[in-house]
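Written out below as structure tokens is the structure these notes cover.
All values reported here derive from a predicted model rather than from experimental measurement. So you know, we letter chains A, B, ... as the sequences are listed, proteins then strands, and number each from 1. Heavy atoms only: backbone and side chains are in, while hydrogens, waters and symmetry mates are out.
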Number of protein chains: 2
Amino acid sequence: MAIKMHIDPAQEPSATQRAYLAIRRMILIGELAPGEKLKIEKLRTILEMGGSPIREALTLLVSDLLVERLDQRGFRTAEISPSNFAEILNLRCHLEEMALRESLSAADHAWEDRLVISHHRMMREPRANVERFEELHKAFHMNLLSACHSPVLLKFCNQLYDLNIRYRYLAGRALNYSSRDIGKEHTDIMNAAVDRDADTACRLLLDHYRNTGAFLEKHFTTEAAE
Amino acid sequence: MAIKMHIDPAQEPSATQRAYLAIRRMILIGELAPGEKLKIEKLRTILEMGGSPIREALTLLVSDLLVERLDQRGFRTAEISPSNFAEILNLRCHLEEMALRESLSAADHAWEDRLVISHHRMMREPRANVERFEELHKAFHMNLLSACHSPVLLKFCNQLYDLNIRYRYLAGRALNYSSRDIGKEHTDIMNAAVDRDADTACRLLLDHYRNTGAFLEKHFTTEAAE
DNA sequence: ATGCCAAATAATATCGATATTCTATGACCT
DNA sequence: AGGTCATAGAATATCGATATTATTTGGCAT
């Protein structure tokens with residue numbers, strides 16, 4: 001039959017892509033614990049597909065540093081550690097500053113629109129809706145950098161963002177940021193960016209990251225001491 | 001049959017790994033041209049294995065930015081462009097400086113040994129033996145950074161190095177560096193590093209990269225004008 | 001009892017075949 | 001003649017089965 005079943009375009013066409021997104025999500029939100037063995041057979045039954053797309057998705061996740069491949073003994077989720085967390089945070093600060101400066105110096109009208117819209121959406125989303133909020137939060141931060149003409153740098157920032165978000169989820173609901181006004185921090189960053197004030201924007205952005213970082217780190221050490 | 005064929009242990013055990021290394025090499029040295037379609041069937045016959053390891057190797061190369069995956073239309077080698085080249089060079093300068101400073105501040109005795117040895121081997125290798133020399137050249141540069149306690153940063157540097165080396169191969173034998181003494185440049189960098197003089201080492205390293213970069217860029221524009 | 005070796009078990013890695021999807025060719029209509 | 005649509009061909013993506021390789025279990029000797 002020649003009828004093209006333009007089915008639901010919403011659902012990703014390739015099984016590999018579906019598997020990639022599903023497994024990635026499970027790792028990020030902690031549904032799959034750090035260091036957990038990823039058995040093909042188990043994932044097959046969960047995702048209802050053959051082994052090939054699973055393996056391909058896992059291979060993609062290896063390069064995202066979310067999954068480790070063990071010689072000939074399959075896959076497992078990446079381990080976490082305080083030193084890894086500190087490394088991610090430090091790298092993020094360096095690379096995002098670089099990207100933000102490039103982005104601001106090349107920023108155009110379309111960039112400004114994207115930024116304002118993503119900021120608005122993030123502020124409107126209830127914090128209770130964790131996954132959705134995190135998605136919008138990431139979109140805002142990536143849009144800050146999006147005018148930067150360096151795709152590789154953006155890819156690195158994206159990866160590092162995901163690696164970091166994992167620690168936030170693992171810290172879990174303990175995070176209430178009671179003493180901080182996260183909304184205001186974002187708004188200040190956006191305003192500095194819109195003003196093309198690179199120095200201020202970078203300072204605010206890095207403070208934003210480092211504060212959250214210090215908060216999470218404290219949380220981990222508390223956990224470990226318990 | 002229960003006979004264990006402990007074949008040659010020297011050859012990589014997994015077909016995926018062999019495919020990965022073989023295809024990567026072909027891309028780096030330009031045997032597979034930029035933008036070229038990578039047909040599974042063709043690679044299957046060349047590498048004499050099934051489609052699965054090929055696909056997995058290609059997927060690994062996607063994350064190295066050496067291969068692009070097109071929605072549902074297979075794989076092709078990454079395109080090259082002057083802007084991509086400039087981006088790689090710029091990123092490399094930033095990240096390697098960061099890594100080199102961290103490396104020097106954490107450098108120990110074993111690091112120094114590795115560095116001296118790899119420098120020695122590189123200097124002894126005849127330049128005519130291109131692939132072997134490039135291997136040793138990479139080893140030297142990576143050893144410079146190897147005391148840095150940031151695995152992710154090292155991974156990025158490694159990736160960027162490979163992306164850059166591809167341009168060198170593509171420029172090909174036109175490169176004779178007539179006006180430069182590459183050997184001396186390396187030796188000077190090593191000496192500054194061994195002295196733990198981070199400022200000098202960084203300056204020399206970045207000059208080294210930027211000079212080669214300017215050289216290659218000139219080569220490309222000449223090519224394009226022909 | 002403890003440590004080591006061998007068989008059994010489980011999981012991975014790989015292959016060959018099939019179904020789906022893209023691409024190119026050529027007929028048909030305007 | 002030019003463009004569009006259907007068909008044929010090629011290539012990919014995916015599945016199910018098999019061979020290989022790691023891991024565990026249980027027996028044996030010390």
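Contact check on B/R101 versus B/E96 returns no salt bridge, with no Lys/Arg side-chain nitrogen under 4.0 Å from an Asp/Glu carboxylate oxygen. Between B/E56 and A/R69, at least one side-chain nitrogen of the basic residue sits less than 4.0 Å from a carboxylate oxygen of the acidic one, meeting the salt-bridge criterion. By the 4.0 Å N-to-carboxylate-O rule, A/E134 lies too far from A/K138 to be salt-bridged with it.
Checking the phosphate oxygens (OP1, OP2) of D/dT14, a side-chain nitrogen or oxygen of A/T16 falls inside 4.0 Å. Considering only side-chain N and O atoms, A/R73 lies under 4.0 angstrom from the phosphate OP1 or OP2 of D/dT23.
Mapping A/Q72 and B/I40 onto DNA chain D by nearest heavy atom places B/I40 at the nucleotide closer to the 5' end.
Figure legend: A/R127 and A/F133 shown as a cation-pi pair, the cationic atom lying under 6.0 angstrom from the six-membered ring centre and within 45 degrees of its axis.
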Please list each protein N or O that sits under 3.5 Å from an N or O in nucleotides 15-17 of chain D, with the distance.
| residue | atom | partner | partner atom | Å |
| --- | --- | --- | --- | --- |
| D/dC15 | OP1 | A/G50 | N | 3.3 |
| D/dC15 | OP2 | A/G50 | N | 2.6 |
| D/dC15 | N4 | A/S52 | OG | 3.2 |

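Counting non-hydrogen atoms under 4.0 angstrom, B/K37 reaches the backbone sugars and phosphates but no base. As judged by a 4.0 angstrom heavy-atom cut-off over every strand, A/L38 is placed among residues touching the sugar-phosphate backbone only.
Ring-centre distance between A/H94 and B/H94: not below the 6.0 Å cut-off. A ring-centre distance under 6.0 Å is found for A/H141 and A/H208.
Using a 4.5 Å cut-off on side-chain heavy atoms (C-beta onward), A/F75 and A/R55 make contact. Considering only heavy atoms from C-beta on, B/N164 stays 4.5 Å or farther from B/Y209 through its side chain.
Only A/R55, listed by number, bring a heavy atom of residues 55-70 of chain A to less than 4.0 angstrom from any atom of DNA chain C.
Between the CG atom of B/D71 and the P atom of D/dA13 there is a distance of 9 Å, given to the nearest Å. Spacing between atom CD1 of B/I54 and atom P of D/dA13 amounts to 14 Å, rounded to whole angstrom units. Protein atom NZ of B/K39 is 9 Å distant from nucleotide atom C1' of D/dA10, rounded to whole Å. Between B/L43 atom CG and D/dA11 atom P the separation is 12 Å, expressed in whole Å.
Relative to the side chain of B/S14, the nucleotides C/dT12, C/dT21, C/dA13 differ in distance, and C/dA13 lies closest.
The distance from atom CZ of B/R25 to atom OH of B/Y20, rounded to the nearest 0.5 Å, is 14.5 Å.
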